[in-house]
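Order of the sequence lines sets the chain letters (A, B, ...), proteins ahead of strands, with each chain counted from 1. What you see is a predicted model; the values in this text were computed from it and never measured.
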There are 2 protein chains.
Amino acid sequence: MYTSSEENYLKAILKLSRKGDSPVTTGALAAEMQTTAPSVTDMLRRLAEKQLATYEKYYGVQLTEEGVRIATALVRRHRLWEVFLTEKLGFLWDEVHDMAEQLEHVQHPELIERLDAFLGHPRFDPHGDPIPDAQGRWPERQRQPLSNVEVGGQAVVVGVDDHSTAFLQYLDRLGIGLGVHIAVLERVEYDHSLCVRLVEQGRDLTLSDKAARSLFVELL
Amino acid sequence: MYTSSEENYLKAILKLSRKGDSPVTTGALAAEMQTTAPSVTDMLRRLAEKQLATYEKYYGVQLTEEGVRIATALVRRHRLWEVFLTEKLGFLWDEVHDMAEQLEHVQHPELIERLDAFLGHPRFDPHGDPIPDAQGRWPERQRQPLSNVEVGGQAVVVGVDDHSTAFLQYLDRLGIGLGVHIAVLERVEYDHSLCVRLVEQGRDLTLSDKAARSLFVELL
DNA sequence: TTTATTTTTTAGAAACAACTAAAAATAGAT
DNA sequence: ATCTATTTTTAGTTGTTTCTAAAAAATAAA
C-alpha cells in the first residue's frame, strides 16, 4: 500500500507531534530522520498528495486521521516485534530496534494480530513504551522521571526516555532494568546526582542527574 | 547489503538452476519473476557487476559462489519464517508464502540463527521443502511422486510439487497433509487416476493423475 | 542457405528517494 | 523598519527499478 520510506516519515511525524511539537517542522523531521531538508520537503508533498498529511509551506505538517491510523499501526507493529525478539528469541533490549524497524514494514492483514495473541497481548514493549491496541488506543500509565522522586521515596522502573545503546548497556551493567525496585537514599545538591538502593539486589549506587532524568518510574 | 529486488532475482536464479535449467535464460527468469525481459536484462547486468552472477549476453546467467551463498541463505530464511508462521502463529500452509517473502529480506547477523533455535532446528518447511543449514547444506530425503507408487504400496506424504493456494486448499479439503499415511488401492488405466486410502482416517478417495504427480511421498 | 520466428538487448521514459547548490521566505536583531 | 541569519523550498542530478517500443541476435523452418 505505502512504501517503507513513506511509513518511516509517518512514524516520525507521529512521534514528534505526540511529543508536543505540532505542527512538525521540516527541520525537526530532517533531524529525526537523519536526512536533509530537501528530502523532507519532497516527501511531505507526496504524503499530502496521498491525503496522509496536511502540509503548509513554510509552516509545517500534521497527520490526517488516516495518517495517524497508519503511523499508530506501525508503532504497534514495531513494539510487538520488539517483544517477540526479547521474549521469544532472547535478544537484549538494546539489540532489537533495528530488526523491529525492518519487521514493522511487513504487510499482512492478520499477521500482527496473530503475533499479538502469541505474545499474550503485551501492553508495553521491552523499553516500557506503550503498545497501541488494534483500534489505535494507547495504554496509559502514570510514570515520571526518577529524578522527580523525593528522598526516602520508593519506585519501580517502568521505562526509559533515552533508547540509545550506550544508555541501555550502562543500565544493564548497573543491574537496572524494567521492574527493578529502587529506593532513593539521597540527592546531592551540588550536581543533582542521586544515591539509590536497588532493593532486590541490596546494592547501593549513584546515578547522575542525566541518567535519573532518563529513567521512568512508577511510585510505590 | 543488497536490495530486496536483487535478492529476489538471486533466489529465482537459484531455484531455476537447481531445477536443472542451467544457464538460466532471460525469458525463464522473466516468467518466474512475473516481469518483462528488459527488466531482467537490466538486473542481470547489475548482478554481474556486483560479482553475484556471471552473465553472458544471449546465453544466460549463472550464480557465482557468493551468489549461491546469498540465495541459499534467503531460501533458509524464507522457509524458517514459514515454519514460524505455521507452528507458532497458527497460519495454514497456503497462507504463509507472501509473508515469508517479506520476512526473508530482514537483515540481521543473528536473527535467523536465533529463530532456527527457537523453532528447534527444523529440516523441512510446512510444504516439506528442505531448509538449508547455516552452512548452506541441503538436507536430503528420498521422495517420489505418489503417482509412482505401485498398487498395494503404502507411503507417507512428505511434500508437494505444486505450491498453489488452489492445490493446497484442495488437499486440506481431502484431509491430506504432511505426515498423512496413504495406501494405494487401485490405478485406473483410462486416466491414470489413483484410488487411495487415508489410513489414519479410514477414508477412501480418488486422486487425479495431476494431483498424484504433485504429491511427494516417502515409501513405507 | 536464406527466410521467418522467437528471444534478447538497447533505447528512452517514468516513478521513487535521495542528494547538493541556489533561491526564496520567515524570524530575529539592531 | 531594515538588515541579517536561519530555515525552507526550488531546481537540477544521481541511482534504482520498472516499463514500452524498437533494434539486434539467435534459433527454427523452408
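Between B/Glu95 and B/Gln169, the side chains place no donor N or O within less than 3.5 Å of an acceptor N or O (distance only, hydrogens not considered).
Reading DNA chain D from its 5' end, the first and the last nucleotide to sit under 4.0 Å from a heavy atom of chain B are D/dT17 to D/dA26.
Residue pairs satisfying the ring pair (Phe, Tyr, Trp, His ring centres under 6.0 Å) criterion with at least one member in residues 86-115 of chain B, sequence neighbours excluded, are listed as follows: A/Phe91-B/His108, A/His108-B/Phe91, B/His78-B/His97.
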Residues 34-49 of chain A, side-chain donor-acceptor partners within the protein, below 3.5 Å, at least two apart:
{"from": "A/Thr36", "atom 1": "OG1", "to": "A/Ser39", "atom 2": "OG", "distance (Å)": "3.0"}
{"from": "A/Thr41", "atom 1": "OG1", "to": "A/Ala37", "atom 2": "O", "distance (Å)": "3.2"}

Solution key, residues 133-149 of chain B side-chain donor-acceptor pairs under 3.5 Å, sequence neighbours excluded:
{"from": "B/Asp133", "atom 1": "OD1", "to": "B/Gln135", "atom 2": "N", "distance (Å)": "2.8"}
{"from": "B/Asp133", "atom 1": "OD1", "to": "B/Gly136", "atom 2": "N", "distance (Å)": "3.0"}
{"from": "B/Asp133", "atom 1": "OD1", "to": "B/Arg137", "atom 2": "N", "distance (Å)": "2.9"}
{"from": "B/Asp133", "atom 1": "OD2", "to": "B/Arg137", "atom 2": "NE", "distance (Å)": "2.9"}
{"from": "B/Asp133", "atom 1": "OD2", "to": "B/Arg137", "atom 2": "NH2", "distance (Å)": "3.1"}
{"from": "B/Gln135", "atom 1": "OE1", "to": "B/Arg137", "atom 2": "NH2", "distance (Å)": "3.4"}
{"from": "B/Arg141", "atom 1": "NH2", "to": "B/Val158", "atom 2": "O", "distance (Å)": "3.1"}

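Contacts of B/Gln51 classified as side-chain contact (heavy atoms from CB on, under 4.5 Å), with partners at least two apart in sequence or in another chain: none.
For NZ of B/Lys88, the number of neighbouring non-hydrogen atoms (other residues, nucleotides, ligands) closer than 6.0 Å is greater than 12.
For A/Glu6 and A/Lys11, the salt-bridge test fails: no basic side-chain N is under 4.0 Å from an acidic carboxylate O. For the pair A/Asp162 and A/Arg213, the salt-bridge criterion is not met [side-chain N within less than 4.0 Å of a carboxylate O].
A/Thr36 comes within contact range of at least one nucleobase, with a heavy-atom separation under 4.0 Å. Note on A/Tyr2: nothing from the nucleic acid sits closer than 4.0 angstrom, heavy atoms only. Residue contacts shown for B/Ser39 include a base, since a base heavy atom lies under 4.0 Å away.
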So which protein nitrogen or oxygen atoms get under 3.5 Å of nucleotides 10-16 of chain C's nitrogens or oxygens?
{"from": "C/dT10", "atom 1": "OP1", "to": "B/Lys57", "atom 2": "NZ", "distance (Å)": "2.8"}
{"from": "C/dT10", "atom 1": "OP2", "to": "B/Arg45", "atom 2": "NH1", "distance (Å)": "2.6"}
{"from": "C/dT10", "atom 1": "OP2", "to": "B/Arg45", "atom 2": "NH2", "distance (Å)": "2.9"}

